[in-house]
K.L.:
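Take this structure first; my questions come after.
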Amino acid sequence: MTLKTTSPRTTARLRITALLAVPVLALTAACSSGDGEGVEDKGVASAPDAPDTSASKGSSGSGEQSAGQGKGAFYDAQMKYVQCMRTKGGVKEFPDPKLSGYLDWTKIDELSARYPEAAKGGKDAACGPELQKAMQKEPERDPQQEYESMLAHAKCMREKGVSKYRNPTMSGGNVLPGGDPDPANPSFDSTSPAYKRAAAACKDKLLDGLDGMQG
């Protein structure tokens with residue numbers, strides 16, 4: 001499929017399609033059947049507690065988390081991706097991750113207006129491998145919590161005036177993000193003042209890290 005002109009936000013939502021090829025894809029959601037309007041709203045779930053690192057003390061004696069687990073390892077891996085983006089990726093202003101380890105997509109979206117590669121893993125996806133490694137160390141989260149968070153966000157966006165904003169769906173235990181019904185042919189302008197006002201009003205509905213998947 002040949003993509004037409006897309007907004008920075010749409011590019012952000014499609015980044016994992018190109019770099020990771022994981023099941024949670026905005027493009028898949030756009031091509032699935034149904035509009036998601038009839039999904040029951042079960043409210044917004046709270047973010048899960050931080051991983052308990054006490055178990056690692058008994059095995060290693062150092063009190064450090066096991067390699068590849070917990071938010072510390074996730075943050076460190078994301079910093080390697082950030083450093084790659086600032087060098088090989090060609091985006092010197094690429095922002096640090098949040099303290100949680102998740103990328104700051106609000107800042108990345110702003111950068112994308114000047115540096116389209118900011119949402120694409122750098123020039124020629126040079127930092128794709130670093131992004132893959134970082135996502136492999138992302139702390140596990142219940143897909144149901146993610147779904148409920150995205151659902152609440154989608155309903156909020158419609159209430160704030162983005163009437164065509166689509167609900168997320170669940171398929172095979174994976175969450176398919178909502179948002180634009182067809183990111184390849186946008187139904188609304190995510191750079192417009194009205195959209196930005198709605199996004200600002202609804203951003204707290206999303207669990208940390210989901211702003212890069214649905215929006």
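As the structure is a computational prediction, the values presented were derived from the model and not from experiment.
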K.L.:
Check whether any side-chain heavy atom of Ser190 lies under 4.5 Å from a side-chain heavy atom of Val162, and answer yes or no.
P.N.:
no
K.L.:
Any pair with a residue in residues 192-201 that passes salt bridge (Lys or Arg N to Asp or Glu O under 4.0 Å), sequence neighbours left out, goes on the list, sorted by first then second residue, please.
P.N.:
none
K.L.:
Checking Arg166 side chain against Asp180 main chain: does a donor-acceptor pair fall under 3.5 Å?
P.N.:
no
K.L.:
Looking only at heavy atoms, what is the nearest atom pair of Met79 and Pro97, with distance?
P.N.:
SD-CD, 3.3 Å
K.L.:
Is it true that a side-chain atom of Gln78 and a backbone atom of Gly101 form a donor plus acceptor pair closer than 3.5 Å?
P.N.:
yes
K.L.:
Less than 4.5 Å apart, any side-chain heavy atom of Asn167 and any of Arg158?
P.N.:
yes
K.L.:
Provide the closest heavy-atom pair for Arg114 versus Pro116 in the form atom of the first, atom of the second, distance.
P.N.:
O-CD, 3.6 Å
K.L.:
Between Tyr195 and Phe188, what is the ring plane arrangement, given parallel below 30°, perpendicular above 60°, and tilted in between?
P.N.:
parallel
K.L.:
In plain terms, say whether Glu93 and Lys107 are close enough for a salt bridge, that is, a side-chain N and a carboxylate O under 4.0 Å apart.
P.N.:
no
K.L.:
Which distance, rounded to the nearest 0.5 Å, do you find between the CD of Glu148 and the CG of Leu207?
P.N.:
9.5 Å
K.L.:
Less than 4.5 Å apart, any side-chain heavy atom of Tyr75 and any of Lys98?
P.N.:
no
K.L.:
Are the side chains of Leu111 and Val91 in touch, meaning some heavy atoms are under 4.5 Å apart?
P.N.:
yes
K.L.:
Is it true that a side-chain atom of Ser171 and a backbone atom of Leu176 form a donor plus acceptor pair closer than 3.5 Å?
P.N.:
no
K.L.:
Below 4.5 Å, heavy atoms only, C-beta onward: do Asp211 and Lys203 meet side chain to side chain?
P.N.:
no
K.L.:
Pair Leu210, Glu146 - check side chain to side chain contact (heavy atoms under 4.5 Å, CB included), show working.
P.N.:
CA-CA 8 Å; Leu210 297 184; Glu146 294 186 338; 4.1 Å; yes
K.L.:
Is the closest side-chain donor-acceptor distance between Tyr102 and Glu138 under 3.5 Å?
P.N.:
yes
K.L.:
Where do Cys202 and Lys160 land on the side chain to side chain contact (heavy atoms under 4.5 Å, CB included) test, with the steps shown first?
P.N.:
CA-CA 8 Å; Cys202 300; Lys160 297 300 181 181; 3.8 Å; yes
K.L.:
Are the charged groups of Lys164 and Asp182 less than 4.0 angstrom apart, N to O?
P.N.:
no
K.L.:
Would you say Lys137 and Lys133 make side-chain contact, with heavy atoms under 4.5 Å?
P.N.:
no
K.L.:
Is it true that a side-chain atom of Ser112 and a backbone atom of Ile108 form a donor plus acceptor pair closer than 3.5 Å?
P.N.:
yes
K.L.:
Could you verify whether a donor N or O on one side chain and an acceptor N or O on the other, from Gln136 and Gln132, lie under 3.5 Å apart?
P.N.:
no
K.L.:
Stepwise, does the side chain to side chain contact (heavy atoms under 4.5 Å, CB included) test hold for Cys127 with Met85?
P.N.:
CA-CA 6 Å; Cys127 299; Met85 287 294 293; 3.9 Å; yes
K.L.:
Provide the closest heavy-atom pair for Gly90 versus Lys123 in the form atom of the first, atom of the second, distance.
P.N.:
CA-CE, 4.2 Å
K.L.:
Should Asp96 and Val82 be marked as a side chain to side chain contact (heavy atoms under 4.5 Å, CB included) after you check the CA-CA gap, both sets of side-chain angles, and the distance that decides it?
P.N.:
CA-CA 6 Å; Asp96 284 346; Val82 168; 4.2 Å; yes
K.L.:
Taking the side chain as everything from C-beta on, heavy atoms only, tell me whether Thr169 gets closer than 4.5 Å to Tyr147.
P.N.:
no
K.L.:
Taking C-beta and beyond as the side chain, do Pro181 and Ser187 meet within less than 4.5 Å on heavy atoms?
P.N.:
yes
K.L.:
Could you tell me whether the side chain of Asp124 and the main chain of Ala126 form a donor-acceptor pair under 3.5 Å?
P.N.:
no
K.L.:
Could you check, using the six-membered ring where one of them is a Trp, whether Phe94 and Tyr115 have ring centers closer than 6.0 angstrom?
P.N.:
no
K.L.:
Taking salt bridge (charged side-chain N to carboxylate O under 4.0 Å, His left out) as the criterion, tell me which of Lys88, Arg86, Lys80 meets it with Glu130.
P.N.:
Lys88
